[in-house]
Amino acid sequence: MATVTKINEIFSSIQGEGPVVGYKQLFIRFCNCNLHCNYCDTEFLEGEIFTPEKLYEKITRKYELKNLHSISLTGGEPLLSVHFLKEFLPLIKDKTKVYLETNATMTQELNQVKDYIDIIAADIKLPSSSGMNLFDKHNDFLSQCKGIQTFVKIVFDNNITEEEIDFCISMGTKYDIELILQPKMNNDSMSVSSDFCQKILDKFLQKYQNVRLIPQVHKFIEIR
Ligand code: SF4
């Protein structure tokens, strides 16, 4: 039986988060997720079924991959489709870079495809904003990212705790990874004040300097 997965949408746009902000990417949004974050605002029920070959044909027919910074695998959680990715990623190898946006909890699945991943955007979920404590899973996941350009994204709000800050710093230090602080959004505006953002950035900087504060830029310039 053919390997298939359900894809919610495929579109080209500008990356609005993290260190590659501003680069043009092709976004492939996978349906479904293994988590249920409090702040998740995306429905993943609808989607089209693709085989790896059908997806490859569709994106190479419609988009000039060489003009893009990378293909962003996003979701949902793309690593839920690991069997699909094992067949799809070899097809696009050498055509463009692959950027994986992940909730950083599916370590075994990452290990099956990491040879094809160029950049990992790893979300660390803070219990205060996501409602879940996934610190052990995040630690396992980040331990397997060595050799791949990786950064950690931390979505925070007013409830961020000292313990959470210390955990993020310990992960950054242990794996020598850049931390990106991203204020949680309420629709199109930040849920925290600019003063609070600076206070949290300063708290990180007291103990760890490889950290930046980058809001979701695409929401300010009104693109997807
Ligand atoms: S990991 Fe992302 S897609 Fe999954 S529930 Fe959390 S916010 Fe939503």
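It should be emphasised that the depicted structure is a prediction, and the values quoted were computed from it without experimental measurement. Both ligands and their constituent atoms are indexed starting at 1 by order of listing.
Side chain to side chain, Asn103 and Glu77 meet the donor-acceptor criterion of an N or O pair below 3.5 Å.
Residue side and main chain included, Cys37 places an N/O/S atom under 2.8 Å of atom 6 (Fe) of ligand 1. Within the coordination shell of atom 4 (Fe) of ligand 1, defined by N, O or S atoms under 2.8 Å, Cys33 is present.
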For residues 116-126, which side-chain donor-acceptor pairs fall under 3.5 Å, sequence neighbours excluded?
| from | atom 1 | to | atom 2 | distance (Å) |
| --- | --- | --- | --- | --- |
| Asp118 | OD2 | Val98 | N | 2.7 |
| Asp123 | OD1 | Lys153 | NZ | 3.2 |
| Asp123 | OD2 | Lys125 | NZ | 3.1 |
| Lys125 | NZ | Tyr39 | OH | 3.3 |

Using atom types as modelled, flag every donor-acceptor pair under 3.5 Å from a side chain in residues 163-170 to any protein atom, sequence neighbours excluded.
| from | atom 1 | to | atom 2 | distance (Å) |
| --- | --- | --- | --- | --- |
| Glu164 | OE1 | Ser128 | OG | 2.7 |
| Glu164 | OE1 | Thr161 | N | 3.0 |
| Glu164 | OE2 | Ser128 | N | 2.8 |
| Glu164 | OE2 | Ser128 | OG | 3.1 |
| Asp166 | OD1 | Lys207 | NZ | 2.9 |
| Ser170 | OG | Phe167 | O | 2.7 |

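Near Leu35, meaning under 4.0 Å from any of its heavy atoms, are these atoms of ligand 1: 5 (S). Those atoms of ligand 1 with a heavy atom of Asn103 less than 4.0 angstrom away are 1 (S).
Considering only non-hydrogen atoms, atom 1 (S) of ligand 1 lies nearest to Lys125 out of Glu77, Lys125, Arg29.
The 12-atom threshold is not exceeded at NZ of Lys203, counting heavy atoms of other residues, nucleotides or ligands nearer than 6.0 Å.
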### Verdict with supporting geometry, Glu17 and Val217, side-chain contact (heavy atoms from CB on, under 4.5 Å)
CA-CA 6 Å; Glu17 299 181 355; Val217 173; over 6 Å; no
